[in-house]
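Note that the coordinates shown come from a computational prediction; the quantities given were computed from them, not determined experimentally. Below, all heavy atoms of this structure are taken into account, side chains as well, without hydrogens, waters or symmetry copies. Here is how names work: the chains are called A, B, and so on, in the same order as the sequence lines, proteins then strands, and each is numbered from 1.
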2 protein chains.
Amino acid sequence: MKKEPPQKYASKIFKKHNHNACFNDSMKAFQKHCVQKNLKLTPLRSKVFEFLLRDHQPLGAYQILDMLRDSGFASTPPIAYRVLDFLIEQGFAHKIKRLNAFVACSHPGSTHSPTFMICRKCDKVAEIDEKDSGIDLKKATSFDFKVEEAVIEFIGLCTSCVTVEAT
Amino acid sequence: MKKEPPQKYASKIFKKHNHNACFNDSMKAFQKHCVQKNLKLTPLRSKVFEFLLRDHQPLGAYQILDMLRDSGFASTPPIAYRVLDFLIEQGFAHKIKRLNAFVACSHPGSTHSPTFMICRKCDKVAEIDEKDSGIDLKKATSFDFKVEEAVIEFIGLCTSCVTVEAT
DNA sequence: AGATGTATGTTATATTATAACAAGGAGATA
DNA sequence: TATCTCCTTGTTATAATATAACATACATCT
Ligand SMILES: [Zn+2]
Ligand SMILES: [Zn+2]
Ligand SMILES: [Zn+2]
Ligand SMILES: [Zn+2]
């Protein structure tokens with residue numbers, strides 16, 4: 001099995017990045033994934049993924065519903081939750097529990113236990129690599145408990161907001 | 001400043017422990033804390049803490065409301081949420097996001113970034129020491145982000161439930 | 001007693017999420 | 001082509017979780 005190359009964009013959303021390339025690459029990866037797995041990349045799914053990708057801002061389900069309405073889609077809760085479930089199952093989105101909101105995954109494709117840094121001031125969210133997070137999941141699994149999944153959310157201040165607050 | 005002695009009971013709820021002693025010690029610690037900080041340990045607060053302590057099972061706010069009703073207290077949502085907020089602020093309870101439920105803290109007194117192990121089968125929750133969790137918060141703080149708080153929840157199977165599932 | 005501050009009680013409502021079932025459409029099968 | 005099957009989308013209703021705003025009670029201090 002070939003090792004995935006490291007992701008170029010958006011590994012840290014707090015930094016500037018080439019977002020056009022980031023957006024296009026993500027969309028293409030999603031399309032490719034759906035073809036490979038024989039899943040239907042419908043207009044609805046594509047649109048929701050686009051919303052999440054647009055500026056990496058976490059979106060609540062009801063925000064997404066509003067955006068869908070504006071785009072001419074049906075907009076009752078199950079519509080959004082179903083698509084979000086799909087995106088999460090396929091590894092192209094995550095739920096941020098702290099915000100009850102959803103973000104596009106920053107390194108789709110590879111299975112991973114994402115760690116998030118959430119700015120309590122601007123609500124921006126960065127998804128970081130396991131190796132950079134200070135987390136050692138192997139160490140976490142004790143003989144008392146079999147860890148299957150880790151939900152890790154750091155809350156604090158991003159660089160911009162730290163600066164503002166220091167003023 | 002004197003170093004806190006290690007907690008004797010319930011550091012891992014999946015293990016058997018002397019629960020009578022655990023219960024009494026926790027109650028006393030809570031009483032002592034309230035006296036020291038000049039906070040009122042009212043019957044309501046005491047009762048809710050007792051519920052949480054009873055068998056370490058995480059309780060939802062509405063479960064607690066039912067139990068309060070049975071004990072002759074008022075039982076509209078703010079009643080429970082306010083007491084829970086109080087217990088959390090004082091460091092005697094935590095919220096488990098995965099379960100939308102609340103547990104008594106296993107090592108109250110010392111400030112800590114709790115890490116939880118949550119059994120997806122029986123919903124039991126153990127709070128573990130930072131040093132045992134495989135988490136290094138200092139390492140997690142990058143120059144891009146100032147970590148103030150960490151929410152860490154491991155989901156998996158406790159020993160009993162692993163055994164059952166293997167059958 | 002009167003003033004103050006905190007805790008509790010009450011009413012209403014906001015926010016987030018799911019259950020259950022109906023309708024539509026693409027592709028396979030006959 | 002007709003029909004079957006599967007999956008997606010649409011609809012209606014409701015569950016589950018949480019908070020806002022305001023009223024009352026009650027202790028403590030003066
Ligand atoms: Zn981008
Ligand atoms: Zn920020
Ligand atoms: Zn105990
Ligand atoms: Zn279990």
Side-chain angles (χ1 to χ4, degrees), chain A residues 30-31 33-52 58-90 92-103 123 151 153, chain B residues 30-31 33-52 58-90 92-103 123 151 153:
Chain A
F30 186 37
Q31 284 159 6
H33 174 92
C34 289
V35 170
Q36 282 179 346
K37 297 246 172 175
N38 200 25
L39 300 165
K40 282 167 200 167
L41 180 30
T42 62
L44 178 62
R45 287 168 175 179
S46 182
K47 185 56 86 180
V48 172
F49 189 48
E50 188 193 311
F51 292 154
L52 293 179
L59 296 175
Y62 284 75
Q63 279 180 278
I64 289 171
L65 285 169
D66 287 344
M67 298 167 87
L68 283 174
R69 183 175 303 110
D70 293 346
S71 301
F73 288 86
S75 54
T76 53
I79 297 284
Y81 283 104
R82 277 190 298 227
V83 175
L84 288 166
D85 283 351
F86 175 82
L87 290 173
I88 290 168
E89 272 163 25
Q90 299 308 316
F92 285 81
H94 297 293
K95 177 169 184 183
I96 308 295
K97 316 256 177 201
R98 158 66 59 132
L99 303 174
N100 289 324
F102 303 84
V103 289
D123 278 353
V151 174
E153 297 184 350
Chain B
F30 186 36
Q31 284 159 7
H33 174 91
C34 289
V35 170
Q36 283 179 345
K37 297 245 172 177
N38 200 27
L39 300 166
K40 283 166 200 167
L41 180 31
T42 62
L44 178 62
R45 287 168 175 178
S46 181
K47 186 55 86 180
V48 172
F49 189 49
E50 188 193 311
F51 292 155
L52 293 178
L59 297 175
Y62 284 76
Q63 279 180 278
I64 289 171
L65 285 169
D66 287 344
M67 298 166 87
L68 284 174
R69 183 176 304 109
D70 293 345
S71 302
F73 289 86
S75 54
T76 53
I79 298 284
Y81 284 105
R82 277 190 300 228
V83 175
L84 289 167
D85 283 350
F86 174 82
L87 291 173
I88 290 168
E89 273 162 25
Q90 299 308 317
F92 285 80
H94 297 294
K95 177 168 184 183
I96 308 296
K97 315 256 178 203
R98 158 66 60 133
L99 303 174
N100 289 325
F102 303 84
V103 288
D123 278 352
V151 175
E153 297 184 351

*Using a cut-off of 4.0 Å between protein heavy atoms and nucleotide atoms, how would you tag nucleotides 4-17 of chain C 5' to 3' with B, S and -?*
---SBBBB----BB
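- Taking the ring pair (Phe, Tyr, Trp, His ring centres under 6.0 Å) definition, one finds that F30(B) meets it with F49(B), F92(B), sequence neighbours left out.
- Partners of N100(A) under the side-chain contact (heavy atoms from CB on, under 4.5 Å) rule, at least two apart in sequence or in another chain, are K95(A).
- Within the structure, salt bridge (Lys or Arg N to Asp or Glu O under 4.0 Å) pairs that include any residue of residues 36-49 of chain B comprise K47(B)-E50(B) (at least two apart or interchain).
- Note: NZ (K97(A)) to P (dT17(D)) measures 14 Å, nearest angstrom.
- Scored by the side chain to side chain donor-acceptor pair (under 3.5 Å) test, R98(A) finds E149(B) as partners (sequence neighbours excluded).
- Taking atom CG on L68(A) and atom C1' on dT11(D), their separation rounds to 15 Å, with Å as the unit.
- In this structure, D85(A) places its CG atom 12 Å from P of dT8(D), rounding to the nearest Å.
- Nucleotide dT11(D) holds its P atom 12 Å from the CZ atom of R69(A), rounded to whole Å.
- For residues 64-81 of chain A, the side chain to side chain donor-acceptor pair (under 3.5 Å) pairs, not counting sequence neighbours, are D66(A)-R69(A), R69(A)-S75(A).
- Straight-line distance from the CG atom of L41(A) to the P atom of dC7(D): 17 Å, rounded to whole Å.
- The distance from the CE atom of M67(A) to the CG atom of L52(A) is 8.0 Å, given to the nearest 0.5 Å.
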